[in-house]
Amino acid sequence: MIDISHLRQEVTELKTAIARKKFECDLDSIAELDRERRECIASAEKARGGQKAANDEMSKLQKGSLEFLEKVSRMKEVAAEVKELEAVAKQADDRFQEAFLSIPNIPHESVPDGNSEADNQVVSTWGEVEGDFPHAIPHYDIPWFGKMIDFPRGVKVAGAGFPFYVGEMSQLVRALINFFLEEAGTNGYQEVHSPIVVNAASATATGQLPDKEGQMYVDTNEDIYLIPTAEVPVTNFFRDEILPAEDLPLKRVAYTPCFRREAGSWGKDVRGLNRLHQFDKVELVKWVHPDHSFEELESLRIDAEGLLQKLELPYRVLLICSGDIGFPHSKQFDLEVWAAGQKRWLEVSSCSNFTDFQARRANIRFRGPDGKPQPVHTLNGSALAIPRVLAGILENHLQADGRVKIPECLRKWFPQEFIGP
RNA sequence: GGAAGGAUGGCAGAGUGGUCUAAUGCGGCGGUCUUGAAAACCGCUGAGCCGGAAACGGCUCCGGGGGUUCGAAUCCCUCUCCUUCCGCCA
């Protein structure tokens with residue numbers, strides 16, 4: 001949800017900004033709905049005020065008196081009128097709110113123009129990208145891959161996209177989770193262990209509903225959703241709260257499984273670990289003062305990048321263009337690992353500043369210097385998504401003897417130097 | 001799953017149809033007094049929306065939604081959540 005003053009006072013600027021996102025959105029008629037709504041509310045409140053004043057007088061009259069009875073019959077009309085005007089006002093308000101909620105967040109001025117992912121900018125690259133990897137093969141073609149990550153049994157037990165990680169591979173997953181959590185702790189993020197289901201209110205606050213309903217697994221009996229990312233429960237931790245200004249910035253990290261139906265992407269890049277219905281991810285979330293959110297986005301991205309560097313994985317940083325950025329995002333960086341075997345980039349992290357967009361929906365505020373509550377800015381970033389990092393490790397660290405070298409930083413939780421036959 | 005009782009301001013807790021613009025207490029903020037502090041005393045004390053340049057004024061909010069009534073924190077329906085007891089259980 002954007003700041004309504006943009007709609008009232010800077011429609012032209014707002015139009016330009018929204019147009020950059022390639023969203024269809026009729027701001028003129030939404031502004032008109034706002035005017036209608038305010039008119040209706042004003043007349044309903046006026047009528048209601050009159051009714052209240054009359055009621056105060058009535059309370060001073062003798063209950064059964066002639067004057068009282070006269071007044072009752074007169075007030076019946078007023079009551080009906082108030083009811084009618086209030087209904088009209090509520091209708092106008094609902095119409096406006098629904099339309100208003102459909103306005104996407106404003107892209108930051110530093111976000112480049114563009115129509116699609118083809119226009120995303122490569123900000124930087126790190127490591128031996130597209131270098132000399134004589135043994136490189138796609139991770140799913142490594143001879144022992146199927147033994148350690150069992151897809152057929154996952155299909156039998158759950159369905160496609162729900163593999164088992166077996167033995168040393170399971171330990172490696174656990175090592176990655178521990179490594180990510182511990183690094184985040186060092187960087188000042190407090191660890192939380194979160195619910196992995198959320199209610200509709202939470203999913204609406206972060207923007208999954210109504211926009212991406214089809215992407216989530218839902219239990220209609222309980223009206224709860226399996227989370228597509230820890231962003232949803234963790235951001236909602238402070239929903240409907242006013243945070244002490246001195247607590248900002250607040251930083252949290254959570255490991256959770258994530259569930260995505262991936263409807264509509266059937267058959268697209270789904271081999272091996274590239275795209276799963278359930279995967280593990282460590283997520284960073286920040287609530288910050290509005291003045292510092294874009295600096296906080298930089299440090300968030302640097303926190304995520306540090307992990308890839310310690311894992312010795314070549315990667316690039318993409319600045320997502322205005323046409324490819326998400327509905328609630330103001331600015332977004334993606335981190336992509338170079339998968340040397342598949343010879344393609346795999347997205348392992350998305351770091352975003354939502355400015356006040358989620359905070360307004362979620363009603364997360366802090367007290368400004370004037371004592372008035374105002375929305376915080378929220379940010380989050382994967383650090384990192386485990387299966388694709390695993391794919392990166394398998395493809396980039398594969399040795400001539402068919403084993404895979406495990407990065408030094410994981411040694412604490414995974415004592416062996418190699419994994420494989 | 002069964003039964004009963006609850007949900008009121010930052011917290012505790014009154015209020016069962018008409019100055020409730022919600023008592024009282026605690027906490028918090030400001031002031032008086034004091035060398036300073038404490039105590040005591042005095043004052044203030046939430047959120048949203050509408051109008052307004054502002055000062056300020058109005059409307060809404062007593063878990064959510066709906067209803068009854070001229071009038072609802074208060075009565076009715078419904079949903080959610082909490083507590084206690086019983087049952088089952090990691």
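Throughout, protein chains are lettered first and strands after them, A, B, ... in sequence-line order, and every chain is numbered starting at 1.
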K.L.:
What integer distance in Å separates A:Leu85:CG from B:G58:P?
P.N.:
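Computing the A:Leu85:CG to B:G58:P distance gives 20 Å.
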K.L.:
Quote, to the nearest angstrom, the P distance that separates B:A7 from B:A73.
P.N.:
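15 Å, rounded to whole Å.
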K.L.:
Using heavy atoms to find the nearest nucleotide of RNA chain B for A:Lys46 and A:Ile4 separately, return the residue whose nucleotide is more 5′.
P.N.:
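Residue closer to the 5' terminus by nearest nucleotide: A:Ile4.
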K.L.:
Verify the neighbour count for atom CZ of A:Phe237: are there more than 12 heavy atoms of other residues, nucleotides or ligands below 6.0 Å?
P.N.:
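No, the 6.0 Å shell around CZ holds no more than 12 heavy atoms from other groups.
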K.L.:
Under 6.0 Å from the ring centre and within 45 degrees of the ring axis: does the NZ or CZ of A:Arg301 meet both conditions for the six-membered ring of A:Phe333?
P.N.:
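That pair qualifies as a cation-pi contact.
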K.L.:
Write down the distance between CG (A:Asp223) and P (B:G64), rounded to a whole number of angstrom.
P.N.:
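These atoms are roughly 19 Å apart.
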K.L.:
So, OP1 or OP2 of B:C70: does either fall under 4.0 Å of a side-chain N or O from A:Arg74?
P.N.:
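So the side-chain polar atoms of A:Arg74 never come under 4.0 Å of the phosphate oxygens OP1 or OP2 of B:C70.
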K.L.:
Nearest whole Å is fine: how far is B:C50 C1' from A:Arg8 CZ?
P.N.:
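In whole Å, B:C50 C1' and A:Arg8 CZ are 9 Å from each other.
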K.L.:
Between A:Lys90 and A:Asp93, is there a salt bridge with N-O shorter than 4.0 Å?
P.N.:
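Looking at A:Asp93 and A:Lys90, the cut-off is not met.
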K.L.:
What's the NZ-P distance between A:Lys76 and B:U68, to the nearest Å?
P.N.:
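After rounding, the reported distance stands at 13 Å.
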K.L.:
So what's B:G27 paired with, Watson-Crick or G-U wobble, going by both distances under 3.5 Å?
P.N.:
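Its partner is B:U45.
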K.L.:
Across all strands, who's sitting opposite B:G51 as a Watson-Crick or G-U wobble pair, both distances under 3.5 Å?
P.N.:
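Base-paired to B:C56.
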K.L.:
Applying a 3.5 Å limit to both distances, which nucleotide forms a Watson-Crick or G-U wobble pair with B:C88?
P.N.:
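Paired with no nucleotide.
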K.L.:
For A:Gly50 and A:Lys83, take the nucleotide of RNA chain B holding the closest heavy atom to each; which residue's nucleotide lies nearer the 5' end?
P.N.:
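Residue closer to the 5' terminus by nearest nucleotide: A:Gly50.
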K.L.:
What is the base-pairing partner of B:G5, counting Watson-Crick and G-U wobble geometry with both distances under 3.5 Å?
P.N.:
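Per the H-bond distance test, B:C82.
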K.L.:
Sticking with atom P, work out how far B:C76 lies from B:U68, rounded to a whole angstrom.
P.N.:
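Going atom to atom, P in each nucleotide, I get 15 Å.
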K.L.:
Answer yes or no: is there an ion pair linking A:Glu36 with A:Arg95, defined by an N-O contact shorter than 4.0 Å?
P.N.:
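Salt bridge: yes.
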K.L.:
With a 3.5 Å limit on both atom pairs, tell me what B:U32 is paired to, counting Watson-Crick and G-U wobble, or say none.
P.N.:
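Looking at the geometry, B:U32 pairs with B:A40.
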K.L.:
Taking the same atom, P, in B:G6 and in B:U16, what whole-Å distance lies between them?
P.N.:
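Straight-line distance between the two P atoms is 14 Å.
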K.L.:
From B:A47, B:G51, B:C70, pick the nucleotide closest to the side chain of A:Arg38?
P.N.:
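Of all the options, the side chain of A:Arg38 is nearest to B:G51.
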K.L.:
Quick one: which of B:G71, B:C49, B:G48 gets closest to the side chain of A:Arg37?
P.N.:
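Nearest listed nucleotide: B:C49.
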K.L.:
Say we look at B:G15 and B:C89: how far apart would their C1' atoms be, to the nearest angstrom?
P.N.:
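The answer is 42 Å between these two C1' atoms.
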K.L.:
In terms of side-chain geometry, is the basic nitrogen of A:Lys15 or A:Asp28 positioned less than 4.0 Å from the acidic oxygen of its partner?
P.N.:
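So A:Lys15 pairs with A:Asp28 through a salt bridge.
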K.L.:
Can you check the distance between B:U35 and B:G43, where both ends of the measurement are the C1' atom (answer in whole Å)?
P.N.:
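Here B:U35 and B:G43 have their C1' atoms 26 Å from each other.
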K.L.:
Would you measure the distance from the P atom in B:U60 across to the matching atom in B:A72 and give it in whole Å?
P.N.:
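It works out to 10 Å between them.
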K.L.:
With respect to the phosphate group of B:G28, does any side-chain polar atom (N or O) of A:Arg367 fall under 4.0 Å of OP1 or OP2?
P.N.:
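So the side chain of A:Arg367 is outside the cut-off, no N or O lying under 4.0 Å from OP1 or OP2 of B:G28.
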K.L.:
Identify which nucleotide among B:G18, B:C50, B:G66 has an atom closest to any side-chain atom of A:Lys90, counting heavy atoms from C-beta outward.
P.N.:
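Of B:G18, B:C50, B:G66, B:G66 is nearest to the side chain of A:Lys90.
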K.L.:
To the nearest Å, give me how far apart CG (A:Asp34) and C1' (B:C50) are.
P.N.:
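Those two atoms, CG and C1', are 11 Å apart.
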K.L.:
Hey, are A:Lys83 and A:Glu86 close enough for a salt bridge, meaning a charged N less than 4.0 Å from a carboxylate O?
P.N.:
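No.
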K.L.:
Just checking, A:Arg153 and A:Phe164: is the charged tip under 6.0 Å from the six-membered ring centre and within 45° of the axis?
P.N.:
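No, A:Arg153 and A:Phe164 do not form such a contact.
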K.L.:
Whole-Å distance between B:U19 P and A:Asp56 CG?
P.N.:
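In whole Å, B:U19 P and A:Asp56 CG are 7 Å from each other.
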K.L.:
Over how many whole Å does the gap from A:Asn199 atom CG to B:G63 atom P extend?
P.N.:
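Value for this atom pair: 20 Å.
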K.L.:
To the nearest Å, give me how far apart CG (A:Asp93) and P (B:C59) are.
P.N.:
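After rounding, the reported distance stands at 18 Å.
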K.L.:
The side chain of A:Glu45 is closest to which nucleotide in this list: B:G48, B:G58, B:G18?
P.N.:
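For the A:Glu45 side chain, the nearest candidate turns out to be B:G58.
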K.L.:
Could you give the distance separating B:A22 and B:C88 at their C1' atoms, to the nearest angstrom?
P.N.:
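B:C88 and B:A22 have their C1' atoms separated by 44 Å.
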K.L.:
Looking at the side chain of A:Lys52, which of B:U60, B:A47, B:C50 is the nearest nucleotide?
P.N.:
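Per side-chain heavy atoms of A:Lys52, the pick is B:U60.
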K.L.:
Provide the distance between the two P atoms, one in B:G65 and one in B:U74, to the nearest whole Å.
P.N.:
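Result for the P pair: 13 Å, nearest Å.
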K.L.:
Taking only N and O in the side chain of A:Lys71, is any of them less than 4.0 Å away from OP1 or OP2 of B:C70?
P.N.:
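Answer is no, no contact under 4.0 Å.
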K.L.:
So what's B:G71 paired with, Watson-Crick or G-U wobble, going by both distances under 3.5 Å?
P.N.:
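Its partner: none found.
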K.L.:
Once you apply a heavy-atom cut-off of 4.0 Å, does A:Gln51 come out as touching a base, just sugar-phosphate, or nothing?
P.N.:
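Sugar-phosphate contact only.
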